[in-house]
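Predicted model only: the values in this text are computed from it and were never measured.
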Amino acid sequence: MSPYLLFLFLGLSLGAVYASIALSITLTYQGSGVINFAAGAMATVPLYVFDDLRNGRFSVPLPGVPSIEVGEQPVWLAVLLGVVVAAVLGLLVELLISRPLRRAPVLAKVVAAVGVMLTIQAAVALKFGSDARSMTAVLPTGSASVGGIQVPTDRLWFAGIVVLAGAGLAIWFRRSRVGLAVQAAAENQRAAEFARLSPTVLGIVTWVVSSVFVALTMMLAGPAIGVLTPGNMTLLVVPALAAALIGRMSSLWAALAGGLGMGVLVAELQFLSQTKTWWPDWAKQGLTDAVPFLVIVVVLFVVGRSIPMRGDDEQLRLPAVRLPRNRPVVIVALVLGGVALVTLTDGSYRFGVINSLALSLIALSLVVLTGMVGQISLAQAGLAGAAGLVVSKLGTALPFPLPMIIGALVATVIGVLIGLPALRIRGAQLAVVTLAAAVVVQQFVLGNRLFVSTENTIRDPELFGLDLGVREGTTIARVPFGLLVLVVVAIAFVLVANVMRSGTGRRMLAVRSNERAAASVGINVSGVKLTAFALASFLAGLGGTLIGYSRGVLSVESFGVLVGLSILAIAYIGGIASASGAFVAGAMGAVGIVFVILDRNLDLGQYYSVITGVGLILAVLFNPLGVAGGTRAQYERLRAGLRRRTGPDDPPGGEVGTRPDPVLRRPASRLVGDVCLRTTGIRVTYGGVRAVDGVDIEVRAGEIVGLIGPNGAGKTSFIDAISGFTPATGTVELAGRDVSALPAYRRARLGLVRTWQSMELFDDLSVLGNVRVADDVRDRSFAFARDLFRPSRTPSGTVGDAMTLLALDGSGEGRPAELPLGRQKVLGVARALALEPQVLLLDEPAAGLDTAESIEFGNDLHQIAATGVGCLLVDHDMHLVFGVCDRVYVIEFGRPIAVGTPEEIRRNPKVLAAYLGGDHLEASEPAGDVLTQEPTRIGGA
């Protein structure tokens with residue numbers, strides 16, 4: 001047992017390193033809402049300053065500023081200066097980056113943190129060099145006997161100090177006024193501001209404290225962190241993130257324990273893999289890097305949806321998507337331009353063009369995944385490397401282009417597996433998973449000598465006897481290979497552009513805009529996400545195979561984690577929501593044409609990583625649309641200005657909602673058919689509180705049924721339950737079929753369609769696009785394959801009828817946000833109606849409508865019901881409910897209390913008591929119209 005005990009103590013010291021960074025990440029997240037992916041990189045800066053002082057050099061941590069020989073300094077002074085540097089760095093990051101992004105979307109925060117990581121990493125390499133430094137012990141050295149084994153004393157001291165310091169930090173966070181204020185702001189920032197708690201001050205405190213804490217502990221770590229290089233501290237953020245997630249990004253105690261446990265597990269596995277003969281050779285390298293990934297995936301699958309997000313009240317939208325049009329003239333012009341670049345350049349310039357084209361495919365994968373669906377992936381370079389590995393293994397066994405296609409398909413499978421957690425999580429949590437996956441691919445696959453070696457050369461492609469290899473003699477970039485890459489890239493871009501502007505693209509944008517609303521109109525959200533991961537992974541794999549062919553041999557340096565982060569950076573700068581932005585990103589990529597030009601003419605190659613990192617941060621802060629998106633936006637504004645000068649067109653929304661004679665017209669008769677919706681014993685419970693308690697209703701085809709009740713009666717909870725958005729017990733039957741066990745999107749496809757009290761529109765789609773989603777949901781047979789080649793189809797008559805019926809046909813090209821509030825509510829109804837529902841569940845459709853609009857909507861509802869659609873109406877407007885409904889159900893505290901015709905309900909004593917109170921009812925005169933007297937909007941959801 002002694003070796004296991006020894007590695008337990010060694011693992012505790014390694015776990016103390018993880019725990020220190022995890023505590024820093026947790027505290028920063030609580031204070032600012034940023035998951036600090038740069039926590040390890042930020043700790044590198046004071047660590048280098050500290051090490052230089054111990055070796056007699058005073059270094060200002062800025063590239064280009066020379067160090068000063070000052071002689072060996074005492075440890076306390078080196079520690080003090082390192083702490084000061086850490087505090088200043090934390091303060092600058094908070095003031096210049098974190099605070100301006102406080103209300104930014106998650107993507108912007110993740111990208112900014114990646115930008116800080118890349119900038120610091122590159123700046124440290126420029127300033128201090130890339131050579132590894134051995135860290136000497138600061139704490140007392142020697143050995144101590146524990147359980148009969150000798151354990152290094154400094155490791156015990158370090159683990160003990162981190163435990164005590166971490167406990168002190170946790171107590172301060174939970175008990176001090178500042179710590180309680182940080183927790184309050186994390187829960188509800190607006191409320192904290194009303195309580196005079198400054199988010200700016202709290203952000204500064206958490207960034208400075210967390211930066212100082214991790215820097216101080218790292219300076220004391222000594223040999224526990226191994227050797228010091230600009231990169232090894234950066235990747236320590238992955239196991240630290242695993243520990244922070246164990247604490248749900250909120251508990252410092254759990255993060256501390258998680259980090260220590262992670263270190264012990266990694267150390268014990270390292271011992272087993274290196275000493276046991278039964279351990280397989282292929283698992284001896286990189287296995288310990290897979291442990292944090294597995295922990296992260298398990299934790300997020302178990303508690304991912306319960307990890308609290310900070311309570312910021314306002315969120316800026318993601319960059320608007322710029323859909324390509326695929327004009328043949330433009331495509332031909334771009335291809336001819338590419339041919340000119342390939343043929344008219346030579347040497348390193350042509351190689352830069354080729355590399356830019358290949359990188360543009362990986363950037364395009366991010367446009368699909370992040371720009372179109374809002375899923376953040378940091379693993380695209382790893383997927384490209386996996387495809388390159390397949391080519392290196394199959395290149396001599398199969399003729400071209402089979403190795404390239406198979407490599408891209410293997411990347412697709414891996415990408416879908418990495419994307420499985422996206423079915424439960426998204427945003428920054430998904431970024432954590434994909435970053436950990438990228439580390440696993442780098443260390444366990446591409447860095448494994450059994451998989452990748454110098455012998456794995458990649459055979460030059462050859463097609464129909466033509467040599468398409470990249471090199472020949474002294475020529476490093478041949479024209480045939482450049483043209484091959486151009487053809488592959490052109491085909492890929494045309495097909496992806498088709499998908500982006502097709503029904504598949506609309507479904508992707510619907511999921512990006514609002515996953516809940518997407519499910520309510522029949523979109524399989526999980527299927528759309530996995531489709532996006534598959535397409536993006538195939539593109540990344542395709543780019544990886546081209547890079548592999550251009551290099552001639554597979555190298556981990558070409559597909560490492562930092563390369564993947566750099567690709568994300570340039571994709572965002574180029575315009576992550578635009579296909580043309582992928583071209584810009586490819587040009588700006590490492591060893592791309594922009595890099596070559598700057599390196600050959602201005603000798604800026606060594607500064608390129610710093611330039612990219614700073615450019616990424618500036619893009620997030622000032623131009624979230626990126627170069628391509630910003631240019632397109634400027635062009636559209638210029639065109640709009642020219643149109644205004646030449647003569648105003650009709651406003652985008654047209655004259656809508658102005659139909660004359662707003663009088664509610666109840667038809668003399670309406671054909672009512674069989675029961676199309678029946679619910680039995682529906683019950684919904686929230687934390688022990690019964691929100692809905694045994695509600696039974698029936699709705700017949702062509703019938704309008706009302707559901708009313710006082711505020712908090714449980715009406716919306718009932719709608720959520722029967723439409724599949726809230727766990728419930730009981731039975732829901734649609735046209736005699738039990739749909740209780742079906743997910744929400746399946747119920748919508750069968751005809752049980754709902755609207756939303758809060759509208760829940762797809763802001764990334766046009767008004768017509770919101771309604772056209774109905775066509776895309778119905779048209780599922782081989783839809784993706786067809787959209788690759790034939791994306792443009794005319795909207796169906798059902799879509800046109802829904803737009804016309806609700807007077808939206810003049811607003812089709814505008815955005816939902818451009819419509820008045822009342823018209824946005826009507827758009828939600830039109831979107832549901834276009835699905836040709838059997839039953840239409842209307843949750844507060846008249847909220848926000850004025851009297852005239854409400855009356856017109858009532859008339860529209862009569863026309864909808866006349867087509868045979870059963871309608872269940874929940875609304876505050878009693879004039880509307882009693883004016884259009886055939887029957888009305890009333891619930892109070894989740895229980896049914898009455899059902900009948902509007903006249904019967906209007907005079908029902910139980911209903912009057914529920915709305916007006918028993919005392920009021922006894923004191924008042926009997927009033928037949930008491931429920932429709934002003935004010936008419938009563939009750940709530």
- Query: Shortest non-hydrogen contact from Val705 to Cys885?
  - Reply: C-SG, 3.9 Å

- Task: Please answer whether the main-chain N or O of Ile719 pairs with a side-chain N or O of Ser723 as donor and acceptor at a distance below 3.5 Å.
- Result: yes

- Note on the structure: Tightest non-hydrogen contact, residues Val672 and Gly702, listed as CG2-O, 4.1 Å

- Side-chain donor-acceptor pair present, Asn498, Asn326, cut-off under 3.5 Å: yes

- Message: Does any part of the side chain of Pro837, heavy atoms only, come nearer than 4.5 Å to the side chain of Leu752, both counted from C-beta?
- Response: no

- Message: Assess the residue pair Leu833 and Leu805 against the criterion (side chain to side chain contact (heavy atoms under 4.5 Å, CB included)); give the C-alpha distance rounded to whole Å, side-chain angles, the decisive distance to 0.1 Å, and a yes or no.
- Response: CA-CA 10 Å; Leu833 185 61; Leu805 175 64; 3.5 Å; yes

- Query: Taking side chain as C-beta onward, heavy atoms only, is Val675 less than 4.5 Å from Val699?
  - Reply: no

- Query: Counting only N and O atoms by type, is there a donor-acceptor contact under 3.5 Å from the side chain of Asp886 to the main-chain atoms of Ile704?
  - Reply: yes

- Item | Thr685 side-chain N/O to Gly688 backbone N/O, donor-acceptor pair under 3.5 Å | no

- Side chains of Leu849 and Phe857: closer than 4.5 Å at any heavy-atom pair? yes

- Item | Any donor-acceptor pair under 3.5 Å from Ser502 side chain to Thr504 backbone | yes

- Item | Within 45° cone and under 6.0 Å: Arg831 NZ/CZ vs Phe762 ring | yes

- Item | Side-chain (Thr726) to main-chain (Ser717) donor-acceptor, under 3.5 angstrom | no

- Query: Any side-chain heavy-atom pair from Val525 and Tyr745 closer than 4.5 angstrom?
  - Reply: no

- How close do Val684 and Pro727 get, heavy atom to heavy atom, and via which atoms? CG1-O, 4.1 Å

- Query: How long is the span from the CD atom in Glu703 to the CG atom in Leu677, to the nearest 0.5 Å?
  - Reply: 10.5 Å

- Item | Pairwise distance CG(Asp875) to CD(Gln757) - rounded to 0.5 angstrom | 9.0 Å

- Query: Are any non-hydrogen side-chain atoms of Leu827 and Arg823 less than 4.5 angstrom apart?
  - Reply: no

- Item | Flag, side chain of Arg895 to backbone of Val692, donor-acceptor distance under 3.5 Å | no

- Query: Just how far is it from atom CD of Glu892 to atom CD1 of Ile897, taken to the nearest 0.5 Å?
  - Reply: 5.0 Å

- Would you call Leu841 and Val839 a side-chain contact if the rule is heavy atoms closer than 4.5 Å? yes

- Query: Do the side chain of Gln863 and the main chain of Asp860 share a donor and acceptor less than 3.5 angstrom apart?
  - Reply: no

- Query: So, Glu856 side chain and Glu853 main chain: donor-acceptor pair closer than 3.5 Å or not?
  - Reply: no

- Asp696 and Thr679: side-chain donor and acceptor closer than 3.5 Å? no

- Task: Sort and list the pairs that fulfil salt bridge (Lys or Arg N to Asp or Glu O under 4.0 Å) and have at least one residue in residues 729-756, not counting sequence neighbours.
- Result: Arg678-Glu733, Asp720-Arg754, Arg754-Asp843

- By salt bridge (Lys or Arg N to Asp or Glu O under 4.0 Å) - contacts of Glu836 (at least two apart): Arg778

- Message: Less than 4.5 Å apart, side chain to side chain, heavy atoms only: is that true for Thr798 and Leu835?
- Response: no

- Query: Can a salt bridge be assigned to the pair Glu844 and Lys825 using a cut-off of 4.0 Å between side-chain N and carboxylate O?
  - Reply: no

- Query: Are any side-chain N or O atoms of Gln838 and backbone N or O atoms of Leu750, one a donor and one an acceptor, separated by less than 3.5 Å?
  - Reply: yes

- d(Thr731 OG1, Ile682 CD1) to nearest 0.5 Å is 6.5 Å

- Task: Take Tyr889 and Ile708 through the test side chain to side chain contact (heavy atoms under 4.5 Å, CB included) and record every step on the way to the result.
- Result: CA-CA 6 Å; Tyr889 288 85; Ile708 65 173; over 6 Å; no

- Query: For Gly828 and Thr755, which heavy atoms make the closest approach, and how far apart are they?
  - Reply: O-CG2, 3.8 Å

- Message: Using 0.5 Å steps for rounding, measure from the CG atom of Leu840 to the OG1 atom of Thr867.
- Response: 9.5 Å

- Task: Answer with yes or no whether the side chains of Glu903 and Thr901 bring together a donor and an acceptor at under 3.5 Å.
- Result: no

- Kindly indicate whether the side chain of Met372, heavy atoms from C-beta on, has any atom under 4.5 Å from the side chain of Arg512. no

- Task: Apply side-chain hydrogen bond (donor to acceptor under 3.5 Å, both in side chains) to Asp763 and Ser513, showing your working.
- Result: CA-CA 6 Å; Asp763 293 328; Ser513 293; over 6 Å; no

- Task: Starting at CG of Leu761, measure out to CZ of Arg815 and round the result to the nearest 0.5 Å.
- Result: 12.5 Å

- Note on the structure: Looking only at heavy atoms, the pair that brings Leu768 and Pro795 closest together is CD2-CG, 4.5 Å

- Message: Looking at every heavy atom in both Leu765 and Pro816, which two are closest together, and how far apart are they?
- Response: O-CD, 3.1 Å

- Run the side chain to side chain contact (heavy atoms under 4.5 Å, CB included) check on Leu420 and Phe533 step by step: do they pass? CA-CA 9 Å; Leu420 287 177; Phe533 268 97; over 6 Å; no

- Query: Hey, is the main chain of Val367 close enough, under 3.5 Å, to the side chain of Thr370 for a donor-acceptor pair?
  - Reply: no

- Task: Could you give me the CA-CA distance, side-chain angles and deciding distance for Asp775 and Val773, then say whether side chain to side chain contact (heavy atoms under 4.5 Å, CB included) is met?
- Result: CA-CA 5 Å; Asp775 285 345; Val773 167; over 6 Å; no

